[in-house]
Amino acid sequence: MKILVCISHVPDTTTKIKFEGNGDTLDKSGVTFVINPYCEYGLSRAIGFREEGKNVSITALSVGGPEVEPTLRKALAIGADDAVRISAHPNDSALVARQIYNYVEGKEFSVIFTGKESIDFNGSMVPGMLAEYLGWSFVSFATHMEMTGEESAVLHREVDGGYEVVEARLPIVVSCQKGISEWRIPNMRGIMAARKKPLAVVSPSEEVADTLSTIKFDYPPAKEACTYIEPDNAARLVDELVSKGLI
Amino acid sequence: MASKYVSLQNLKFTLNRVHQAHEMSHYEYFKDYDEDAINMMIDAAKQFSDTYLFPFYEDMDRNEPELEDGVVKVHHSVKPLLEAMAEGGYIGAGAPAEYGGMQMPSALSVALGFIMSAANNGAMGFSGLTAGAANLILTFAKEEYKEKYIPNMFAGKWQGTMVLTEPQAGSSLSDITTTAKPIGDGKYRLTGQKIFISGGDYDAVENIIHLVLARVEGAPKGTKGISLFIVPKYRIEENGDFTFNDVTPAGIYHKLGQKGTPAMHLMFGENDDCEGYLVGEENKGLSYMFQLMNEARILVGLGGCAIASAAYYASLEYANERPQGRRLNDKDPDQPQTLIVNHPDVKRMLLLQKSIVEGGFSLVAECAKYWDYTRVLEGEEKEKYELLLEILTPVVKTYPSEMGIVSVSNGLQVLGGSGFCKDFPLENYYRDIRIYPLYEGTTGIQSMDLLGRKVTMKQGKAVKYLFAEVNKDIEAAKTYPELSKYVKILEEKLQVLQSVTMKLIGIAMKGNIELFLSDANLYMEFFGTIAVAWQWLKQATTAKQILLTENPQGEDLKFYESKIHTMKFFFAYEVPKTLGLAQRLMDDEVLTIATEREVAV
């Protein structure tokens, strides 16, 4: 069974986000980039299938420039067998989905794992678009997945107040979230082995146009400073609330 | 609990840029370790530490091991930690590939060790001791023993220990009395008792492999009659079964810090049934053990600055969140309070911590690189790096240990009263780091080793090599006018160091060894400060070069500018302290040597 794991290359969750230029570009200085945590759940689940004795090959794929290669190498260190970088700028979900679709066509993958969203842009659009382009089954927000034969899988997906159990035919696109597996830490031998695993660079498809351009990023409004009002000064409390239009 | 304990950017800068650790990949033995591999492994070690080490730091301190019914029960996190260490390939990383190792350069392994020790210094003792003991077996024991013990030690199933100290013989190992009686077939029967044995017995591993110093019956007195033995807690029979080997825990020490790691009092051969297996040749045990000791001393220095790193980031975090008072030029009580990081005295303490942590680690990395060279070079070049390592080992053990305490103490001070309370980790770091000037030879022993042996060895050849290394970096710093002031200071201090050394050697040549070594501790402090000043100039030179050629922006720009600023701080605040030390060392007044007329102390 061939599994493709789509890997987003995102700033570490502890990064202090800053913008440069006209506020339309992330300041990448001093920023550590990592595998998108939700994509990593998918990678880990794919490795889990292998550990359960299934004959799987795992390809990690990312859309981006050479800067994403260390992230793909980490996916290889964790356990992917090979990696592919589609050399395109990934600033548009439609473009990314279309590029992945063009790569996947004709390659006989049975499962494609993505994250439920990337933690930088939080778009949550690529997996749905990809499934639509491919005409495959799509299960989003998966928290559990078991194969039930060569042709189908049972998955759990989170819904309000509980979870839904679904059976889906393969091939399938699965967007993953916490619960589907546990993250894995690359071990030293895995890191060394990763350096010898193939990492192919694929040119982007010519016909895919970038349909989105960013005008500006901005920060959420800063929290206002706390105002302390003396317990016996109700008049001031009323004034403050009135001045803010709250009463 | 503070959230940050280490800076990966600093580790990568120090390794890849200052010390060019990836150059080791030019040698066949280390060929896989280029910059990408180094960075990936550093990132992986941090992720590992965030998962298996840092979350348990406080709880391991609060729930220390107990000896109950002859069994030492350790914290529940230790067994999964050791399994994960083995799975991650960390325990045997430095060993040759033929024995299941990864031939990892020491320069990289100290960086990984730094991260892990900063995350949870006590817990790192388990795997560190096993790696050291396994390395000793690999280097000196016969093949049969390597096959028997190494795989399970690297698998984290069997613990390794260093068993030296006895109740009457600590620093003075020549006085050990544990005896070994030959019983044929390369086996010996051991009897004696040992104290302060870290990881000496506990329930999270299947077996404990002790490396024990003992005296074969009839061996010469003193250090020349000491042999080294492998003494397992359980003997491994032909069919793989375990037989108890008469190694009994007599007690567990309740310590000031590093409470998660059991330190044991062990009895060997109480029932005359403790077998030991000779490592190498009889009476050469101490020289073998010193290989392990020298490695361990570098790792002690590493641990000292790692704890200081964790304390530094905890106090920095606090200083950036805690408002208190107003700037000294702004006394208006209607103005909001300022963060304490804005107070000069707090900033001074933070810079002091940073200068000790990053300067100390740079010295550790320098030594680790020398260590790597000794593994791949031959002849005169190999000798050069061996001598550099010889002279710097006592220094790299001592400076981060002693000054690490100063650093953590200043970190605690930044928190004020909160630093003294268990709500914050500073008190824990302060208790943990206090052992480091005692581990693997006290500061007194290291200082006498530096002045009494290393400075004079081979007619001062080690010193000459060291000065050549320092001068090479001074020449590189002269490229940048902004650094010229500090180049001049370091050159002057090297001159003073030479003068002080010559004066002291003059005393030794007159035969008064006690007087010669009486202030060795102060000499060590002087030497260590200059060694770290050298490392700071080296770091600043690299930072300056990057600033001028690579146009770093944003956080990167701040990082490199901070390197130069901290170098200036170290030269302005720490280096001048050598003036007082030099004055004392050049003074002939004798106040500490025992005389016939007893003076009260």
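Every chain is numbered from 1, with letters handed out A, B, ... down the list of sequences.
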Neighbour count above 12 (heavy atom, 6.0 Å) for [X] [atom1]:
X: A:Y163; atom1: OH; value: no
X: A:I247; atom1: CD1; value: yes
X: A:E182; atom1: CD; value: no
X: A:K196; atom1: NZ; value: no
X: A:N22; atom1: CG; value: no
X: B:R327; atom1: CZ; value: no
X: A:H144; atom1: NE2; value: yes
X: A:N55; atom1: CG; value: no

About how many Å separate NZ of B:K46 and CG of A:D12, when rounded to the nearest 0.5 Å?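 One gets 7.5 Å once the value is rounded to the nearest 0.5 Å.
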Going from CD1 on A:I191 to CE on B:M41, what distance comes out if it is rounded to the nearest 0.5 angstrom?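 The distance works out to 5.0 Å.
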Apply the test side chain to side chain contact (heavy atoms under 4.5 Å, CB included) to residues B:D36 and A:E69: give CA-CA distance (whole Å), side-chain angles for both, the deciding distance (0.1 Å), then the verdict. CA-CA 11 Å; B:D36 283 346; A:E69 290 187 8; over 6 Å; no
Side chain, backbone, both or neither of [X] within contact of chain A (heavy atoms, under 4.5 Å):
X: B:L8; value: neither
X: B:A37; value: both
X: B:F48; value: both
X: B:K4; value: neither

Of all the heavy-atom pairs spanning [X] and [Y], show the shortest one and how long it is.
X: A:S29; Y: B:G554; answer: OG-CA, 3.4 Å
X: B:D32; Y: A:R195; answer: O-NH2, 3.0 Å
X: B:Q47; Y: A:R184; answer: NE2-O, 3.7 Å
X: A:M188; Y: B:L112; answer: SD-CD1, 4.0 Å

Flag side-chain contact, heavy atom, 4.5 Å: A:I185 against B:Y52: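 Yes, close enough: below the 4.5 Å cut-off.
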Under 3.5 Å, is there a donor-acceptor pair between the side chain of A:R189 and the main chain of B:G88?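 The answer is no, because no donor-acceptor pair under 3.5 Å joins these two groups.
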A:K28, part contacting chain B, at a heavy-atom distance under 4.5 Å: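 Neither; nothing under 4.5 Å.
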Side chain, backbone, both or neither: which part of A:K74 has a non-hydrogen atom closer than 4.5 Å to chain B?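 Both parts, backbone and side chain.
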Contact leader toward chain A among B:M102, B:Q553, B:E87, where contacts are heavy-atom pairs under 4.5 Å: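 If we count pairs closer than 4.5 Å to chain A, B:M102 comes out on top.
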